[in-house]
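Written out below as C-alpha cells is the structure these notes cover.
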Amino acid sequence: MSTPPRYRFAPSPTGFFHVGGARTALFNWALARSTGGTFVLRIEDTDEARNKPEWTQGIIDSLAWIGISADDPHFEGPLFQSAYADAHLAAAQRLYEGGHAYYCEMTPDEIQTLAKAEGVTGYAGWSRDLGLGPGAGRVLRFRVPDGATVVRDQVRGEVEFDNSVIEDFVLVRSNGTPVFLLANVVDDMSMGITNVVRAEEHLPNTPKQQLIWQALGHAPPVWAHVPVLVNEQRKKLSKRRDKVALEQYRDEGYLADAMVNYLMTLGWSPGEQEIQPWSVMEQAFRLEDVNLSPAFFDIKKLGAFNGAYIRMMNNDDLGDACLPWLPESWGPEPFRSMVPFIRERLKTLAEAPDAVDFMYASDPEIDDASWDKAFAPDYALPLLRHVAEAYVVCDWDHATLKAVMEELMERFEVKLGKASAATRVAVTGRSVGPPLFEALEVMGRDESLRRLHAALNRLGG
RNA sequence: GCCCCCAUCGUCUAGUGGCCUAGGACACCACCCUUUCAAGGUGGCGGCACGGGUUCGAAUCCCGUUGGGGGUGCCA
C-alpha cells in the first residue's frame, strides 16, 4: 500500500459535541497522523430539521481544543454533505438504472399494516417487481441481493450478515432527499476515503453500505467499529440523559490534554503507564489493540487524570490557565502568589477561585462549624491573643510565622495543627485551606492582623 | 421478536496455551509523612460469568448457557 490512507470523521451537527465523538475523532486523528494519511472532517448536515449552523462551529472548536487542528497538514475540511446532494442523487439514479434499486409507493403505515398481517418484521420487498418508475410519493429502495455479506473489520474480524435479514432499505425519500446510508457512502467514495473508523452502533449499517459500494462498482473501505461509551447503567451515552458535552467539560476546567489522554484509554491502553503525552499515544495506537466491549465514561477517573495534568504544569502556566475562572473583579494578585500552594489541591481549574476566595473578600466568610470547633478548647482564645501580639513585631515570612507559632504551641502543649486552628479560622473563615503561614505571608501583616483582631472582637475581647 | 457484537477486580485496562499464586490505574480502606486539606509514600480489599470440551497444561482455543450492549426509521 503506497498511497496514504484517508480517514474521516463525519459528525452530524445536531447538538453539543459528544465525548464519544471526540474519542472516535481522536482515534482517526492518531491513525491519520501516524500513517502520513489524511483526516477528513465531513459535516453531515442533511437532516435539516435538526441541524443548526452553530453546532457546526461547536464541532470545529471542540476538535481544535483537543488538538485536532484545521491548520495541521493532515487535516482536510470541513466538507459539508449538503453540498454533495447532486452526487447522491446521481448515484441513486445509477443504482436504479443498474437494476440495484426500485421505486416503491407504500407508506410507512401501509408497510406496518401489511407486515403485521403477513407476520413479518418489516418491509418484505413488496414492490420489487412492480416496475414502478419515479414519481411523487415514491421512495427508491435498494434491491438487496441473495447471499451473505461479509464485513471485514479491523477491530472485530469478519462479521457475516445473511442478506435475507436485510430488508430492502430506502435510498431516497419520497421528498427526493437521499438518506444517510446513501449519502454517507457516496461521500466516502467521492472523497477517496480508504478507512472508516466509527462507533459500533454503525456495525449493523455496514453490510447495507458495503452492498451499496459494490453495486456502485467500488471495493468498500477498510472498516473498523470501536465500542461505544456507556454510562453507569451501561447504556450508550446519550445527550439527553448524560453529561456528554465536551464544551461543558472544558468550561468546568478540565484540561484538553487530560481529556485527550483519558479518552484514549477508553477501549485502548497505551501500555504500563497510562498517563502519556499525545505524541507517544499517537504513534502507539493500533486498531487491532482496541477492546471489544463498551467502556464506562468515569468522571472520577477523568478528574484524577486532570489533577495529574494540573500538577505537571509549572506555576506560571497554571496561573495563566486559571485566569478565565477568576471573578472579573479579582486582580491577578494575590492569586498568582498562591498558585504554588493550591496546585496540588485542584482537580479542575474551576476550583481555583474557591481555594483563595478568602483573600479577596473584605472579611472572611466564617463557617460556624469550623469556628466553634477551633475555639472549643480552653487554650484557643489565649493562644490567639499571643499570636496577634507576636505577629505585630516578628519578621513577616512564612518560616518566621511558623516558628512563632511553634514557640506558642510548646507553651500551650499542643501540636502545630491544633495551635494553628484558631488563626486559620480567624483568617480564612474555614478549617481547611491552603498552607496557613504561606497564605499569611502573601496576605501581608496588616490584613492578617486586622482579621486576627476582628476574630478576637467577635469573641468578646 | 429478529439480526449483530461483547464477557478479566466496583470501573478503565495488561494478558494472545505454560513467564499468572492474573499485573497496573481510578475508586475505597488503613498506615506513614504532615500546619488543615490535599499531594506523596507504603500496604490492603477486590476479578478471569457459568457449564462442557480440546490439551501434558487454559484467563487465553472450541461449543453451549447466562448476562450485558448495539441495531432493527422515508434519524444520523
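The sequence lines fix the lettering, A, B, ..., with proteins before strands; numbering per chain opens at 1. Side-chain atoms are counted along with the backbone in the values below, which use heavy atoms only and exclude waters and symmetry mates.
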Review point. Atom CG of A:L181 and atom P of B:rU72: how far apart are they, to the nearest Å?
Key: 10 Å
Check your understanding: Contact class for A:G267 (heavy atom, under 4.0 Å): base, sugar-phosphate, or nothing?
Key -> sugar-phosphate
Check your understanding: For the pair made of CG in A:L229 and P in B:rU11, what is the distance, rounded to whole Å?
Key -> 15 Å
Check your understanding: Base, sugar-phosphate, or nothing for A:E160, non-hydrogen atoms under 4.0 angstrom?
Key -> sugar-phosphate
Check your understanding: Is A:K373 near enough to B:rU36 that one of its side-chain N or O atoms lies under 4.0 angstrom from OP1 or OP2?
Key -> no
Check your understanding: Would you say A:D146 has more than 12 foreign heavy atoms packed within less than 6.0 Å of its CG?
Key -> no
Practice item. Determine the Euclidean distance between corresponding P atoms of B:rU65 and B:rC3; express it in Å to zero decimal places. Key: 13 Å
**Study point:** Earlier contact from the 5' end, RNA chain B, for A:F180 and A:F161
**Key:** A:F161
Review point. So with a 6.0 Å cut-off around CD of A:Q112, is the heavy-atom count from everything else above 12?
Key: no
Exercise for review: Give a yes or no on whether a donor-acceptor pair under 3.5 Å exists between the nucleobase atoms of B:rA25, that is its base, and the side chain of A:K301.
Suggested key: yes
Practice item. Enumerate the residues from residues 420-435 of chain A whose closest heavy atom to RNA chain B is under 4.0 Å, giving them by residue number; use none for an empty result. Key: A:R424, A:S431, A:V432, A:G433, A:P434, A:P435
Review point. Between atom CG in A:D188 and atom P in B:rA76, what is the gap in whole Å?
Key: 15 Å
Exercise for review: Send over the distance from A:N291 CG to B:rC12 P, rounded to a whole Å.
Suggested key: 9 Å
Check your understanding: Phosphate oxygens OP1/OP2 of B:rG70: is one of them under 4.0 Å from a side-chain N or O of A:R234?
Key -> no
**Study point:** Sugar-phosphate, base or nothing in reach of A:K415, heavy atoms under 4.0 Å
**Key:** nothing
Check your understanding: Relative to A:F297, does A:K243 satisfy both conditions: NZ or CZ under 6.0 angstrom from the six-membered ring centre, and within 45 degrees of the ring's axis?
Key -> no
Point to revise | Closest-nucleotide 5' rank along RNA chain B - winner of A:V170 and A:G417 | key: A:G417
Practice item. Quick one: label A:F437 by what it contacts on the DNA or RNA (base, sugar-phosphate, nothing), any heavy atom closer than 4.0 Å. Key: base
Check your understanding: Between the side-chain atoms of A:N205 and the base atoms of B:rA76, is any donor-acceptor pair under 3.5 Å?
Key -> yes
Review point. When we call it a touch if two heavy atoms are under 4.0 Å apart, what does A:V159 touch: a base, just sugar-phosphate, or nothing?
Key: sugar-phosphate
Exercise for review: Figure out the CE/C1' separation between A:M409 and B:rU34, and round it to whole Å.
Suggested key: 12 Å
Point to revise | Stepwise ring pair (Phe, Tyr, Trp, His ring centres under 6.0 Å) check, A:Y7 with A:F27 | key: CA-CA 10 Å; A:Y7 292 85; A:F27 283 177; over 10 Å; no
Exercise for review: Using a 4.0 Å heavy-atom cut-off across all strands, classify A:T265 as base, sugar-phosphate, or nothing.
Suggested key: sugar-phosphate
Practice item. Identify whether any heavy atom of A:K235 sits under 4.0 Å from a base atom; if not, whether one sits that close to sugar-phosphate; answer base, sugar-phosphate or nothing. Key: sugar-phosphate
Check your understanding: Rounded to whole angstroms, how far apart are CD on A:E272 and C1' on B:rG24?
Key -> 5 Å
Exercise for review: Just call it for A:L203: base, sugar-phosphate, or nothing, with non-hydrogen atoms closer than 4.0 Å on any strand.
Suggested key: sugar-phosphate
Check your understanding: For the base of B:rC74, is there a side-chain donor-acceptor partner from A:S174 under 3.5 Å away?
Key -> yes
Review point. Would you say B:rA27 has OP1 or OP2 under 4.0 Å from some side-chain N or O of A:K300?
Key: no
Review point. So what does A:M264 hit on the nucleic acid, given a heavy-atom distance under 4.0 Å: a base, only sugar-phosphate, or nothing?
Key: nothing
Point to revise | Length of the CD-P vector between A:Q233 and B:rG10, whole Å | key: 18 Å
Review point. What is the pairing partner of B:rG1, taking Watson-Crick or G-U wobble pairs with both distances under 3.5 Å in any strand?
Key: B:rU72
Study note, to complete from the structure: Checking N1-N3 plus N6-O4 or O6-N4 for Watson-Crick, or N1-O2 and O6-N3 for wobble, each under 3.5 Å, the partner of B:rU42 is B:rA30
**Study point:** Neighbour count >12 (heavy atoms, 6.0 Å) for atom CD, A:E413
**Key:** no
Review point. Is it the case that A:R141 places NZ or CZ above or below the six-membered ring of A:Y123, under 6.0 angstrom from the centre and within 45 degrees of the axis?
Key: yes
Practice item. Round to a whole Å and report the spacing from CD of A:E407 to P of B:rU35. Key: 17 Å
Review point. Just checking A:H202: base, sugar-phosphate only, or nothing, at a heavy-atom cut-off of under 4.0 Å?
Key: base
Exercise for review: Assess whether atom CG of A:D378 is packed by more than 12 heavy atoms of other residues, nucleotides or ligands within 6.0 Å.
Suggested key: no
